[in-house]
Protein chains: 2
Amino acid sequence: MTAVLVVDDDPHLLRALRITLQAHGYTVTTAVDGTSALLAATQNPLSLIILDLGLPDIDGTRVLKELRGFSSAPVLVLSARHGSEDKVEALDAGADDYITKPFGLDELLARLRALLRRSVEPERETVVRTDAFTVDLAKHRVTRDGADVRLTPTEWKILEVLVRNPEKLITQQQLLSRVWGPAYAKETNYLRVYMAQLRRKLEPDTASPRHLLTEAGIGYRFMP
Amino acid sequence: MTAVLVVDDDPHLLRALRITLQAHGYTVTTAVDGTSALLAATQNPLSLIILDLGLPDIDGTRVLKELRGFSSAPVLVLSARHGSEDKVEALDAGADDYITKPFGLDELLARLRALLRRSVEPERETVVRTDAFTVDLAKHRVTRDGADVRLTPTEWKILEVLVRNPEKLITQQQLLSRVWGPAYAKETNYLRVYMAQLRRKLEPDTASPRHLLTEAGIGYRFMP
DNA sequence: GGCGGTTTTAACGCTTCCTTGATGGTTGCG
DNA sequence: CGCAACCATCAAGGAAGCGTTAAAACCGCC
């Protein structure tokens, strides 16, 4: 559940870190240079970044500064350089911790825990309103006429996918594979059952839905 | 004005640190052993604590844990011991950083800046009230009908995560990994046990909780 | 080494949710 | 008009999740 990005140009170390981190319950993505690291950091939300300063393409400190431009995730720097100027430079560039190679894995993990303990997920306000109901994606909450609407986990997952893509047509296969997993791409019956329940809970007039629309033969669409 | 407490039994080092820190604009108080350190920490609000683990009276890790009982200020540990077990122990006991002696003063200052950069000035409202109980996040205290409620460390951690995110749904995985660590993401049984205990201590009517709510299959939510 | 407090484990009834199948309605096309 | 494909709705059985309790394991401390 905790997403960690590991950036290092040494494939062996990368592999070792990935295995260790995954064994400790982290979700790991990796990058081998600065360019792909920055790309990866923009792709998915990260809880923490482990960054080697000795990258082939871009200077590590530079990567760090770029990173800080759009991410506030804690950064733990790995480096082969022991000099205190390097440490000061990295820390002042936005790093939260600095370990020199070689390092003990248990120490790395402990420092990682210490960093994560402090970090608060800065989730942005994401409220989507319609004239019938309101969906607060951050709080995981749906209200209608001021009252809470109770949704089951599956109902919520479906609604979330639809609401995160307003006006966009989501195919049945997309919905099924995101909510139930890729193996369920043919169980369109599930969708019928759950869309009916969602409409009963959210639509003022179930017979003619205005926000949860069906595109016959293709999929569903959410209109704000 | 940034207040720093320096704890070390070596008067020379203490003096050097005081002078250096004051030269960089910090307000410095000092202590030479664990007892006086804990006392000093209760006296005035601190932005950061520099703690030497080799104290004459109390074991350094113990001081850390005591400290964490009432303060959430970042702690930078100094130690003569290089062993990774020592580091892991200190970091897991609540330290935010760990440097071994001898160290460079400029590195210490840089790490200090990195820690302070993260720390939110605790100016915001740290007291959360409901009609049944009151939680003081800064003081680590919970009161109900004017009387203190005794919470175990684990109970407090859970309550803290929930209360710091009012109205927000916290998934079971988030709670478990925050309180027990990322490896415990499947032990949902723990949550059931502890939520029951928290409700027994805090909710007027355990059968129909109004502030510690369950979202079946997903997680829990605190409502003020 | 025993003691008080805390955490972990296990077991139980109970509630909620998911799945499944059946039924009827709608749409489009030959 | 009749048929086929698709959709909406409902209800029921079984699976999964929840609250609760109590006992066992664990821990720091006297």
Side-chain angles (χ1 to χ4, degrees), chain A residues 148-159 169-173 175-176 179-181 183-221, chain B residues 34 57-66 68-69 89 92-93 140 148-159 169-173 175-176 178-181 183-221:
Chain A
D148 267 32
V149 180
R150 284 173 50 89
L151 296 185
T152 72
T154 310
E155 286 165 7
W156 170 262
K157 281 187 210 157
I158 295 175
L159 184 64
L169 173 62
I170 311 291
T171 68
Q172 298 173 343
Q173 281 66 33
L175 266 178
L176 286 165
V179 175
W180 279 271
Y184 290 73
K186 298 220 158 172
E187 298 286 346
T188 58
N189 204 27
Y190 289 4
L191 289 181
R192 284 199 275 283
V193 172
Y194 277 96
M195 289 307 296
Q197 284 179 355
L198 276 175
R199 285 188 182 128
R200 188 153 46 81
K201 292 183 177 179
L202 300 177
E203 289 278 4
D205 179 12
T206 317
S208 59
R210 287 187 308 186
H211 306 106
L212 301 172
L213 309 181
T214 302
E215 302 278 332
I218 314 175
Y220 295 88
R221 186 198 304 271
Chain B
D57 55 342
I58 319 180
D59 171 52
T61 317
R62 170 134 209 83
V63 178
L64 245 179
K65 285 179 182 162
E66 297 271 339
R68 279 285 169 262
E89 189 185 356
D92 280 342
H140 272 231
D148 268 32
V149 179
R150 283 179 49 86
L151 295 185
T152 71
T154 310
E155 285 164 7
W156 170 260
K157 281 187 211 157
I158 294 175
L159 185 64
L169 174 61
I170 311 292
T171 67
Q172 298 172 342
Q173 282 67 31
L175 265 178
L176 285 165
R178 268 216 178 305
V179 175
W180 280 272
Y184 289 74
K186 296 224 159 165
E187 298 287 346
T188 59
N189 207 23
Y190 290 4
L191 289 181
R192 285 200 278 283
V193 172
Y194 276 95
M195 289 307 296
Q197 285 179 355
L198 277 174
R199 285 188 181 128
R200 190 147 43 81
K201 292 184 177 180
L202 301 177
E203 288 279 2
D205 180 12
T206 316
S208 59
R210 287 187 308 186
H211 305 107
L212 301 172
L213 309 182
T214 302
E215 303 274 333
I218 316 177
Y220 295 88
R221 187 198 305 273

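Letters go in sequence order (proteins before strands), and every chain restarts at 1. Atoms considered below: every heavy atom in the structure, side chains included; atoms not considered: hydrogens, waters and symmetry mates. Just so it is clear, the structure is predicted and the values come from calculations on it, not from any experiment.
A pairwise comparison of heavy atoms in A:Leu169 and A:Tyr220 identifies CD1-O, 3.5 Å as the closest pair. The two atoms that bring B:Pro204 and B:Arg210 nearest to each other are CG-NH2, 4.1 Å, heavy atoms only. Across B:His140 and B:Arg68, no two heavy atoms sit closer than the pair CE1-O, 3.6 Å. When every heavy atom of B:Ala216 is checked against every heavy atom of A:Pro153, the shortest pair comes out as O-CG, 3.3 Å. What you find for B:Leu198 and B:Leu159 is that their closest heavy atoms are CD1-N, 4.2 Å. Contact detail for B:Ala93 and B:Thr61: the closest heavy-atom pair is CB-CG2, 3.6 Å.
Between B:Lys186 atom NZ and B:Leu176 atom CG the span is 12.0 Å, to the nearest 0.5 Å. Rounding to the nearest 0.5 angstrom, the gap separating the CG atom in B:Leu213 from the CE atom in B:Met195 is 8.5 Å. A distance of 11.0 Å separates CZ of A:Arg221 from OG1 of A:Thr214, quoted to the nearest 0.5 Å. For the atom pair CD of B:Gln173 and CD1 of B:Ile218, the computed distance is 10.5 Å after rounding to the nearest 0.5 Å. Of the inter-residue distances, the one linking B:Tyr194 atom OH with B:Thr152 atom OG1 reads 5.0 Å to the nearest 0.5 angstrom. Distance check: A:Glu215 CD to A:Gln172 CD gives 11.0 Å after rounding to the nearest 0.5 Å.
Whole-Å rounding puts the A:Leu151 CG to C:dC18 P distance at 11 Å. If you measure from atom CD of A:Glu187 to atom P of C:dT19, you get 9 Å, rounded to the nearest angstrom. Rounding to whole angstrom units, CD1 of residue B:Ile218 and P of D:dA16 are separated by 18 Å. Atom pair A:Lys186:NZ and C:dT19:P shows a separation of 18 Å (rounding to whole Å applied). Rounded to whole Å, atom C1' of D:dC7 lies 17 Å from atom CZ of A:Arg221. Put simply, CG on B:Leu212 is 11 Å from P on D:dG19, counting in whole angstrom units.
When each of B:Arg200, B:Arg150, B:Arg199, B:Lys201 is paired with B:Glu155, the salt bridge (Lys or Arg N to Asp or Glu O under 4.0 Å) condition holds for B:Lys201 and for no other.
Although no hydrogens or angles enter the test, the distance criterion places no donor-acceptor pair under 3.5 Å between the side chain of A:Glu203 and the main chain of A:Ser208.
Both A:Glu155 and B:Glu155 sit near DNA chain C, but only B:Glu155 has its closest nucleotide nearer the 5' end.
Between B:Tyr184 and B:Leu191, the closest side-chain pair of non-hydrogen atoms is not below 4.5 Å. In this structure, A:Glu187 and A:Trp180 have side chains that are not in contact, with every pair of non-hydrogen atoms separated by 4.5 Å or more.
An OP1 or OP2 oxygen of D:dA8 is reached within less than 4.0 angstrom by a side-chain nitrogen or oxygen of A:Thr214. In terms of phosphate contacts, A:Thr152 brings a side-chain nitrogen or oxygen within less than 4.0 Å of OP1 or OP2 of C:dC18. OP1 and OP2 of C:dC18 both lie 4.0 Å or more from every side-chain N or O belonging to A:Trp180.
No contact: A:Tyr184 has no heavy atom under 4.0 Å from any strand. Residue contacts shown for A:Gln172 are limited to sugar-phosphate atoms, with no base heavy atom under 4.0 Å away. Within the nucleic acid shown, B:Thr206 comes within 4.0 Å of sugar-phosphate atoms alone, with no base atom in reach, counting heavy atoms only.
Taking a 4.0 Å limit (strictly below) on heavy-atom distances, residues 189-201 of chain A reaches DNA chain C at A:Asn189, A:Tyr190, A:Val193, A:Tyr194.
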5' to 3', nucleotides 24-30 of chain D under a 4.0 Å protein heavy-atom cut-off (B base, S sugar-phosphate only, - none) gives -----S-

Under 4.0 Å protein heavy-atom contacts per nucleotide of nucleotides 23-30 of chain C, with B for base, S for backbone only and - for none | --------

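The side chain of A:Arg150 lies closest to C:dC17 when the candidates are C:dG5, D:dA8, C:dC17.
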Would you write the dot-bracket representation of DNA chain C, where each base gets (, ), [, ], | or . depending on whether it forms a Watson-Crick or G-U pair under 3.5 Å and with which partner?
-> |||||||||||||||||.||||||||||||

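Residues satisfying the side-chain contact (heavy atoms from CB on, under 4.5 Å) test with A:Val179, not counting sequence neighbours, are A:Thr154, A:Lys157, A:Ile158.
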For nucleotides 2-4 of chain C, tabulate all protein N/O to nucleotide N/O atom pairs closer than 3.5 Å, reporting atom names and distance.
none

